[in-house]
Amino acid sequence: MTTRPDADATVHPVDEILPAPRLFALGLQHVLVMYAGAVAVPLILGAALKLPKDQIALLINADLLCCGIVTLIQALGIGPFGIRLPVMMGVTFAAVSPMLAMAANPDLGITAIFGSVMAAGLFGIILAPVISRLLPLFPPVVTGTIIAVIGVTLMRVGINWAAGGVPMIKDVATGQMVPNPAYGAPEHLAVAFSVLVVILLLSKYGKGFVANVSVLLGLVFGFVVALAMGKVKFDGLEQAEWFALVYPFQFGMPTFDLVSAATMCLVMIVVMVESLGMFLALGELTGKPLSPKDLEKGLRTDGLGTLIGGIFNAFPYTSFSQNIGLVGVTGVRSRWVCVAGGAILVAFGLFPKMAHVVASVPQFVLGGAGIVMFGMVAATGIKILLGADLKTNRFNPYIIAISIGFGMIPLVADKFFHQMPKVLGPLLHSGILLTAITAVLLNLFFNGYRRDAGEGAKRMAMEAELH
């Protein structure tokens with residue numbers, strides 16, 4: 001990262017406040033990277049609930065507003081909330097399956113979804129101190145394995161983006177899943193590859209700020225190429241409002257169903273364990289040692305964000321992994337960049353026309369950036385594993401091998417657990433959580449419990465800061 005000549009040498013790069021123009025450009029870069037994932041869940045839920053177009057637009061506006069608010073809390077830090085790292089917050093996909101089940105139940109519907117989300121948020125706030133105390137269970141062999149699997153799992157998203165979407169889409173006429181005719185089109189692959197090449201060239205030959213915004217410039221290049229090819233659609237832009245106010249309980253007062261709330265609380269545990277791995281990854285990338293108290297503040301914000309989501313017609317929130325990869329690609333460690341990104345998301349939530357323009361960026365443009373960013377997350381995990389004792393400890397390779405194997409199950413065999421109880425879906429269909437549980441249990445079995453085990457990650461972060 002290039003710092004200003006007058007920057008205070010005592011200020012950690014995480015806390016450095018960059019000039020406003022740079023903050024805006026770097027914040028926008030973070031927003032572009034996470035935008036597709038941020039709006040996907042309200043689109044999926046809106047379709048499942050058969051909501052009219054104006055109400056789906058309201059869900060998207062509420063989601064973007066909450067993304068921005070929770071990102072501001074997480075990156076800025078307010079009292080006992082916020083880990084104060086460069087974190088962007090968005091809706092977790094772990095909650096999609098149970099929310100779809102609620103949407104399909106005529107006795108529940110959208111108000112029960114929001115009620116269960118609020119219950120999960122309160123549960124997360126209460127549970128945060130417990131999860132944060134699990135740091136001794138995450139020595140480098142566990143942490144590195146989890147983070148590597150996070151990157152590999154995300155790579156599937158980046159690859160599908162590059163190909164132009166997902167392999168199977170729903171046929172409007174029959175309601176059946178059919179092959180996506182646009183998937184893997186040569187023009188999509190060519191644009192994605194050109195975006196990747198631009199990012200690599202700017203990263204190698206760009207200086208200072210240009211190198212820092214290489215991903216943004218690559219996306220702009222890809223957008224311009226796609227626009228020239230006629231692949232950018234602005235459908236609905238004229239109908240989108242300039243300003244739309246979001247206020248609590250716009251779909252009615254929440255209702256509370258015990259089974260739905262319990263299921264969403266299980267999702268919250270999944271989210272918090274995944275967040276723990278992501279926070280440790282960010283600690284490594286930024287050279288910022290994290291204490292259990294820091295982790296508690298970050299995890300508590302997951303709960304608070306989810307509670308805010310339920311109140312403001314949105315969903316459970318977590319830190320977005322793709323943005324962690326962006327920190328690794330650009331080398332920009334300032335949390336104020338994500339503060340700027342949070343402010344931009346709030347603006348998008350209140351000004352739908354702005355959000356609509358950003359939503360017009362084709363997925364194959366994002367794919368070129370996604371491959372390098374998600375790969376950087378996996379590379380961070382591998383880097384941490386290099387600090388694990390793999391030469392003299394003959395058990396650690398077993399931990400890595402078996403944990404990665406379990407993590408790959410949802411990725412390569414999505415029906416592997418299809419005969420298991422549906423209530424276990426959030427656990428069994430998360431490769432990251434399967435990896436975390438397997439690695440922790442195997443480490444306890446082979447290496448035992450050591451209270452100082454979590455210090456390995458802290459030491460590596462300190463060494464990164466010194467060098």
Side-chain angles (χ1 to χ4, degrees), residues 30 34 37-38 41 62-96 98-99 113-135 138 143 146-147 150 261-283 290-312 314-324 335 338-339 341-342 345 426-427 430 432-433 436-437:
H30 269 285
M34 57 89 68
V41 174
D63 177 34
L64 291 172
L65 178 67
C66 290
C67 281
I69 292 171
V70 184
T71 296
L72 288 171
I73 295 171
Q74 191 72 279
L76 267 177
I78 300 174
F81 298 97
I83 197 167
R84 295 171 173 83
L85 285 175
V87 176
M88 296 294 291
M89 302 290 287
V91 179
T92 174
F93 282 85
V96 170
M99 288 194 295
I113 291 175
F114 294 144
S116 64
V117 169
M118 291 174 62
L122 287 171
F123 176 74
I125 293 173
I126 295 168
L127 193 66
V130 178
I131 302 293
S132 67
R133 295 301 185 273
L134 300 180
L135 188 60
F138 291 83
T143 304
I146 295 170
I147 294 169
I150 290 174
T263 302
M264 202 60 75
C265 287
L266 176 61
V267 170
M268 201 68 215
I269 296 174
V270 175
V271 167
M272 295 176 84
V273 172
E274 290 182 351
S275 290
L276 190 64
M278 293 174 197
F279 292 152
L280 292 172
L282 261 182
L290 297 175
S291 68
K293 201 70 179 174
D294 294 324
L295 295 172
E296 181 181 332
K297 289 180 178 180
L299 295 171
R300 189 182 288 121
T301 306
D302 279 0
L304 177 64
T306 299
L307 176 61
I308 291 172
I311 293 171
F312 281 90
F315 312 104
Y317 285 88
T318 186
S319 53
F320 261 29
S321 309
Q322 49 262 56
N323 295 89
I324 295 174
R335 63 190 172 99
C338 290
V339 171
L345 284 169
L427 186 156
S430 169
I432 299 169
L433 188 62
I437 293 172

Of Ile125, Ile131, Leu127, Leu295, the residue whose pairing with Arg300 passes side-chain contact (heavy atoms from CB on, under 4.5 Å):
Ile125

Enter the distance from Leu280:CG to Thr143:OG1 here, rounded to the nearest 0.5 Å.
5.0 Å

Determine whether a donor-acceptor pair (N or O, by modelled atom type, separation under 3.5 Å) exists between the side chain of Arg335 and the backbone of Ala75.
yes

Could you check if a side-chain atom of Thr301 sits within less than 4.5 angstrom of a side-chain atom of Ile83, using non-hydrogen atoms only?
no

Of all heavy-atom pairs between Ser275 and Thr318, which one has the smallest distance, and what is that distance?
OG-OG1, 3.0 Å

Give me the atom names and distance for the closest heavy-atom approach of Thr71 to Met88.
CG2-SD, 3.7 Å

Value rounded to 0.5 Å, distance of CG in Leu307 from CZ in Phe312
10.0 Å

Interatomic distance, Ile308 atom CD1 to Ile69 atom CD1 [nearest 0.5 angstrom]
6.5 Å

CD-CG distance between Glu296 and Leu276, expressed to the nearest 0.5 angstrom
12.0 Å

Phe315 vs Thr92 side-chain heavy atoms within contact, under 4.5 Å:
no

Would you name the heavy atoms of Cys66 and Ala314 that are closest together and state the gap between them?
SG-CB, 3.9 Å

Closest non-hydrogen atom pair between Thr306 and Pro316, with its separation
OG1-CA, 3.5 Å

Within the 4.5 Å heavy-atom criterion, are Met89 and Ser319 side-chain neighbours or not?
yes

Output the distance between atom CE (Met272) and atom OG (Ser132), rounded to the nearest 0.5 Å.
8.0 Å

Just by distance, do the side chain of Gln74 and the backbone of Gly298 share a donor-acceptor pair under 3.5 Å?
yes

Given the rule in the side chain to side chain contact (heavy atoms under 4.5 Å, CB included) test, do Met268 and Asp302 qualify, once you have shown the distances and angles that lead to the verdict?
CA-CA 9 Å; Met268 201 68 215; Asp302 279 0; 3.9 Å; yes

After noting the C-alpha distance and the side-chain angles of Phe279 and Leu299, does the key distance pass the side chain to side chain contact (heavy atoms under 4.5 Å, CB included) rule?
CA-CA 9 Å; Phe279 292 152; Leu299 295 171; 4.0 Å; yes

Kindly give the heavy-atom pair with the smallest separation between Ala62 and Tyr317, and that separation in Å.
O-OH, 4.4 Å

Spatial distance of atom CG (Leu85) from atom CG (Asp294) [nearest 0.5 Å]:
7.5 Å

Where is the tightest heavy-atom contact between Cys338 and Pro86, given as atom of each residue plus distance?
SG-C, 3.3 Å

Assess whether side chain to side chain contact (heavy atoms under 4.5 Å, CB included) is satisfied between Leu72 and Val339, documenting all intermediate values.
CA-CA 5 Å; Leu72 288 171; Val339 171; 3.8 Å; yes

Please assess Leu345 against Met34 for the test side chain to side chain contact (heavy atoms under 4.5 Å, CB included), listing each intermediate value before the final yes or no.
CA-CA 10 Å; Leu345 284 169; Met34 57 89 68; 4.0 Å; yes

